[in-house]
Amino acid sequence: MTDCLFCKIVSGDVPAKIVRESAGALAFRDINPQAPTHVLVIPRDHHPTVAELAASDAGLLAEVVREAHQVAVDEGIAESGYRVVFNTGPQAGQTVFHVHAHVLGGRGLNWPPG
Ligand code: 5GP
Ligand code: ZN
């Protein structure tokens with residue numbers, strides 16, 4: 001999609017601090033981090049929400065989640081604990097409609113989130 005911010009990160013038209021790459025997914029640091037580790041994991045293909053990705057390519061969703069765990073391993077937070085969040089829809093705070101997993105960790109995380 002030409003006017004999608006995260007498609008432009010996939011194509012290299014918008015720069016990002018990339019931390020991991022796999023065949024189907026890309027992981028990069030959030031521009032406005034909310035925790036010591038705050039990385040976004042996205043599929044290279046455009047899917048608006050996690051629900052649509054699950055319906056159309058469940059294998060790719062699994063790759064995104066595997067990569068999210070590998071980010072946590074690379075960042076040294078897999079043992080201490082981390083959170084994977086897919087904000088879905090406006091009331092949940094989704095602002096970019098190219099599905100992305102937030103990987104958050106490196107500090108205590110409140111539950112339930114606000
Ligand atoms: P959402 O609110 O849709 O769940 O998450 C979108 C995330 O994308 C936000 O945490 C926001 O900080 C991040 N973000 C927005 N624009 C950019 C950008 O240009 N580069 C990077 N790396 N992150 C961005
Ligand atoms: Zn996109």
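From a predicted model like this one, the values you see are computed outputs, not experimental measurements. Remember, it's 1-based here, ligands and their atoms both numbered in the order they're listed.
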Which part of Gln34 is near ligand 1, with near meaning a heavy atom under 4.0 Å away: side chain, backbone, both or neither?
-> neither
Counting heavy atoms under 4.0 Å, the part of Phe6 that contacts ligand 1 is side chain
Does the gap between the ring centers of Phe86 and His100 come in under 6.0 Å?
-> no
Over all atoms of both residues, closest heavy-atom pair of Val10 and Pro43 | CG2-O, 4.4 Å
Ligand 1 and Asp30, any nitrogen or oxygen pair closer than 3.5 angstrom?
-> yes
Between the side chains of His47 and His98, does any donor sit under 3.5 Å from an acceptor?
-> no
Would you name the heavy atoms of Leu60 and Gly24 that are closest together and state the gap between them?
-> CD1-O, 3.6 Å
Going by distance only, is there an N or O of Arg29 that falls short of 3.5 Å from an N or O of ligand 1?
-> yes
Within the structure, does Val14 bring an N/O atom to less than 3.5 angstrom of an N/O atom in ligand 1?
-> no
Under 4.0 Å, heavy atoms only, figure out whether ligand 1 is touched by the backbone of Leu5, its side chain, both or neither.
-> side chain
Check whether the side chains of Thr37 and Glu75 place a donor and an acceptor atom closer than 3.5 Å, and report yes or no.
-> yes
Looking just at side-chain N and O atoms, do Ser22 and Glu63 make a donor-acceptor pair shorter than 3.5 Å?
-> yes
Could you tell me the residue and atom name of the protein heavy atom closest to atom 1 (P) of ligand 1, and the distance to it rounded to 0.1 Å?
-> His100 NE2, 3.1 Å
Indicate if the distance from the Zn ion (ligand 2) to the nearest N, O or S atom of His98 falls below 2.8 Å.
-> yes
Would you name the N/O/S atom of His46 that lies closest to the Zn ion (ligand 2)?
-> ND1
For atom 20 (N) of ligand 1, grab the closest protein heavy atom and report residue, atom and distance to one decimal in Å.
-> Ile31 CB, 3.8 Å
Looking only at heavy atoms of Lys17, does any of them come nearer than 4.0 Å to an atom of ligand 1?
-> no
Selected option - heavy-atom contact closest to atom 8 (O) of ligand 1, from Asn87, Thr88, Val99, Leu40 | Leu40
With a cut-off of 4.0 Å, which atoms of ligand 1 are near a heavy atom of Phe28?
-> 22 (N)
Nearest protein heavy atom to atom 3 (O) of ligand 1, by residue and atom, and its distance?
-> Thr95 N, 2.7 Å
Look at atom 2 (O) of ligand 1 and say which protein heavy atom is nearest, naming residue and atom and giving the distance to 0.1 Å.
-> Gly93 O, 2.7 Å
Under a 4.5 Å cut-off applied to non-hydrogen side-chain atoms, are Val39 and Phe28 in contact?
-> no
What atoms in ligand 1 come closer than 4.0 Å to a heavy atom of Asn32?
-> 12 (O)
Connected via hydrophobic side-chain network under 4.5 Å: Val71 and Ile18 | no
For Pro33 and His38 the tightest heavy-atom approach is CA-ND1, 3.5 Å
Check the surroundings of atom CZ in Arg29: do more than 12 heavy atoms from other residues, nucleotides or ligands lie under 6.0 Å from it?
-> no
